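A short worksheet on the structure shown next.
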There are 2 protein chains.
Amino acid sequence: MATMVDVAKLAGVSTSTVSHVVNGTRHVEEETRQRVLKAIEETSYRQDVLARAMRRSRTDTIGLIVSDAGEPAFAEMVRGVEQTAARHGVTLLLANSAEDPEREARAVRTLLERRVDGLILARAAGSTSEALAALGQQDTPVVLMDRMSDLPFDQAGIENAQPTNDLVQHFASQGHRRLLLVAGDIRVSTLRERLESFGEAATAAGLSSLEQLTITAADPKVIEAEIEAALDRREPPTAVIACGTVLAAIALRTLQRRGLRMPDDIAFATFDGFAYSDLFEPRLTTVRQPAFDVGVTAAELLARRLADKSVEPTTVRLMPTIEYRRSSGESPEPNA
Amino acid sequence: MATMVDVAKLAGVSTSTVSHVVNGTRHVEEETRQRVLKAIEETSYRQDVLARAMRRSRTDTIGLIVSDAGEPAFAEMVRGVEQTAARHGVTLLLANSAEDPEREARAVRTLLERRVDGLILARAAGSTSEALAALGQQDTPVVLMDRMSDLPFDQAGIENAQPTNDLVQHFASQGHRRLLLVAGDIRVSTLRERLESFGEAATAAGLSSLEQLTITAADPKVIEAEIEAALDRREPPTAVIACGTVLAAIALRTLQRRGLRMPDDIAFATFDGFAYSDLFEPRLTTVRQPAFDVGVTAAELLARRLADKSVEPTTVRLMPTIEYRRSSGESPEPNA
DNA sequence: CTGAAAGCGCTTACAG
DNA sequence: CTGAAAGCGCTTACAG
């Protein structure tokens with residue numbers, strides 16, 4: 001590989017000049033410039049970004065760690081971050097924590113070691129807030145995505161209260177009196193928020209606490225058992241809300257196994273939903289988050305902080321939309 | 001950030017010694033070692049991997065570019081590569097081409113610029129073999145994953161002839177005489193191989209060429225139109241094989257729209273299949289590839305070449321398994 | 001408008 | 001068993 005020295009020699013200039021031509025960092029006489037460009041061509045010189053990064057102590061690289069790149073919502077967020085990073089001329093290093101706090105910690109370490117200029121993090125469910133606080137101490141900027149925290153970070157996520165409330169209203173207005181919320185692992189902020197909003201909304205809709213069933217286990221086996229138990233009650237729920245894709249899958253399997261048909265035997269709605277969801281029979285009422293824009297927002301927040309470390313930590317929440325389908329019964333909008 | 005010089009001063013040794021303690025590259029008197037370790041502790045020194053990489057001109061990093069990280073099969077391959085890379089003490093840089101040759105080219109450039117020691121590539125459909133040939137010229141090792149080439153690369157993928165043949169046999173033995181293969185974009189090697197095997201297998205099963213319908217368009221709209229046209233024939237196909245997830249989705253939508261029930265109105269099988277596929281009604285007969293192991297194999301091939309650049313390029317093909325479900329009619333195995 | 005030179009933080013022959 | 005020093009390929013004040 002040719003280096004700057006080779007180019008400089010061939011063009012008969014100093015490496016300073018080559019550097020400035022390559023980076024456009026100071027004026028160079030047009031004729032000289034052409035000579036340098038030609039020498040670059042001839043030597044097929046390529047800038048060594050590692051050496052450059054080391055000298056400048058910035059890498060023009062940001063890191064993104066997601067808890068599950070396979071889920072459609074996260075895949076979309078990744079796309080949003082990718083696109084925004086590209087627009088800012090920054091390369092993205094991607095990592096997967098697979099919802100494992102240890103892998104997450106390892107990924108953080110690796111990315112910081114590789115001197116990313118900043119980090120976007122969708123935390124694993126079990127990730128401790130001590131770990132997060134520690135992250136906040138070091139000086140690489142961190143933006144939280146999807147999963148929020150009370151700590152003073154830049155954050156991009158979604159609004160949970162309103163869609164939860166809308167779903168509860170939707171069911172209550174159809175006369176449903178006993179609702180089951182499958183909330184899952186409420187260490188995850190989004191799930192916790194949906195759980196809280198559910199209680200408020202259901203109470204506001206006039207449901208007694210006995211009529212508000214909730215499942216907050218983290219283990220799929222336990223969740224499944226609790227759904228079974230709920231359905232075995234003398235007065236079982238008539239509508240189910242799943243707070244995420246995995247939870248929806250568990251719930252749907254259980255309903256299917258029991259031969260319960262949606263929406264007649266039981267009404268159903270879910271957050272996030274499935275890829276190729278139009279193939280499901282019946283189609284599922286789904287709270288669709290603007291995942292791409294969440295990714296864009298996270299990346300923009302990071303770009304802003306990279307430009308000015310002193311700005312106030314900001315939390316941005318985007319509003320999901322609800323796609324009403326047949327699984328939840330009659331639609332409140334002409335939208336089926 | 002503390003540097004090696006800080007540590008060396010504090011421990012009263014040279015930076016050589018610090019370096020050798022950190023990397024375990026030569027024996028250091030135990031007492032000295034302890035002093036260095038203590039100094040590292042006290043200064044909370046962390047090795048600068050960039051400086052190290054630059055000096056050694058290797059980064060202990062490999063790059064992985066996939067065409068669609070969202071598809072379950074690719075997600076699994078990524079996991080396989082990740083795990084294997086971790087076992088080899090190598091960090092993985094991930095990139096997405098989203099089936100776009102230009103993004104792929106950009107990702108390749110970025111990763112090579114960041115001096116990855118090697119590259120694993122699941123090529124985008126439209127990626128030219130000139131681009132690939134050029135890649136083969138430079139000296140960073142490249143392993144092809146899933147999508148193969150005739151060029152002399154290390155490659156890890158799957159066997160396509162046998163599962164295709166098995167599916168054709170499966171349908172023929174049930175008396176199906178007119179089969180439709182939705183092959184999709186046959187610039188993709190896996191799809192092309194399935195198409196070729198289909199012809200051979202169908203002919204071997206005694207089907208005339210008129211009874212072998214194939215769709216080789218790349219554009220979803222065109223594929224859909226051609227499926228419609230096939231179903232509109234006087235003698236429409238009685239069984240459909242989709243060669244990938246996206247193709248399956250298009251086909252299933254069309255069948256659904258026409259109210260065709262599987263397997264009675266039309267039999268159906270697909271390669272790769274869907275996430276949460278157990279929620280589909282009826283369950284889909286699926287050629288399941290050992291995607292995780294494909295990832296592992298690709299990473300191992302790369303590790304081998306990194307260790308010895310002179311080994312012969314090797315192609316490894318792993319055998320998929322077929323999960324026979326209700327969508328394709330009666331099962332040839334006691335396999336649900 | 002351009003160049004000489006220091007230095008980013010490491011590794012590694014070389015020498016003792 | 002350890003150290004002095006060169007050098008990886010750049011960038012960037014400083015000087016002219």
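Values in this document were obtained by computation on a predicted structure and should not be read as measured data. Naming convention: chains lettered A, B, ... in sequence-line order (proteins, then strands); numbering from 1 in each chain.
- Qualifying side chain to side chain donor-acceptor pair (under 3.5 Å) partners for B/R103, counting only residues two or more places apart in sequence or in other chains: A/E82.
- Nucleotides of DNA chain C that come within less than 4.0 Å of any heavy atom of chain B span, from the 5' end to the 3' end, C/dG9 to C/dC14.
- No side-chain donor-acceptor contact under 3.5 Å links A/S129 to the backbone of A/L132.
- Across all strands, A/T25 comes closer than 4.0 Å to no nucleic acid atom at all (heavy-atom distances).
- Of the residues near DNA chain C, A/E29 and B/N23, the one whose nearest nucleotide (by heavy atom distance) lies more toward the 5' end is A/E29.
- Among pairs with a residue in residues 15-33 of chain B, those fulfilling salt bridge (charged side-chain N to carboxylate O under 4.0 Å, His left out) read B/E30-B/R33, at least two apart in sequence or across chains.
- Judged by distance alone, with hydrogens and angles left aside, the side-chain atoms of A/T43 form a donor-acceptor pair with the main-chain N or O of A/I40 at under 3.5 Å.
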Report the C-alpha distance between B/E41 and B/K38 in whole Å, list the side-chain angles of each, state the deciding distance to 0.1 Å, and finish with yes or no for salt bridge (Lys or Arg N to Asp or Glu O under 4.0 Å).
-> CA-CA 5 Å; B/E41 181 78 54; B/K38 187 144 154 285; over 6 Å; no
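- Applying the side chain to side chain contact (heavy atoms under 4.5 Å, CB included) test to A/D150 and every residue at least two apart in sequence or in another chain returns nothing.
- For the salt bridge (charged side-chain N to carboxylate O under 4.0 Å, His left out) condition, the pairs that include at least one residue of residues 297-307 of chain B, sequence neighbours left out, are B/R87-B/E300, B/D154-B/R304, B/D154-B/R305.
- Side-chain N or O atoms of A/T314 include one that pairs as donor or acceptor with a backbone N or O of A/E312 at under 3.5 Å.
- A search for side chain to side chain donor-acceptor pair (under 3.5 Å) contacts involving A/D185 returns A/R187, not counting sequence neighbours.
- The stretch residues 130-147 of chain B participates, sequence neighbours left out, in these salt bridge (charged side-chain N to carboxylate O under 4.0 Å, His left out) pairs: B/E99-B/R147.
- For the strand DNA chain D, secondary-structure stems (runs of at least three Watson-Crick or G-U pairs, all distances below 3.5 Å) span C:1-3 with D:14-16, C:5-12 with D:5-12, C:14-16 with D:1-3.
- A search for side chain to side chain donor-acceptor pair (under 3.5 Å) contacts involving B/R106 returns nothing, not counting sequence neighbours.
- No hydrogens or angles considered: a donor-acceptor pair under 3.5 Å links the side chains of A/T91 and A/T61.
- A heavy-atom distance below 4.0 Å to DNA chain D is reached by none of the residues of residues 36-52 of chain B.
- Shown for residues 5-17 of chain A: residues whose heavy atoms fall under 4.0 angstrom of DNA chain C, namely A/G12, A/V13, A/S14, A/S16, A/T17.
- For A/E113, the side chain to side chain donor-acceptor pair (under 3.5 Å) partners are B/R46, not counting sequence neighbours.
- Toward the 5' end of DNA chain D, the nearer of the two residues B/M54 and B/T32, judged by each one's closest nucleotide, is B/T32.
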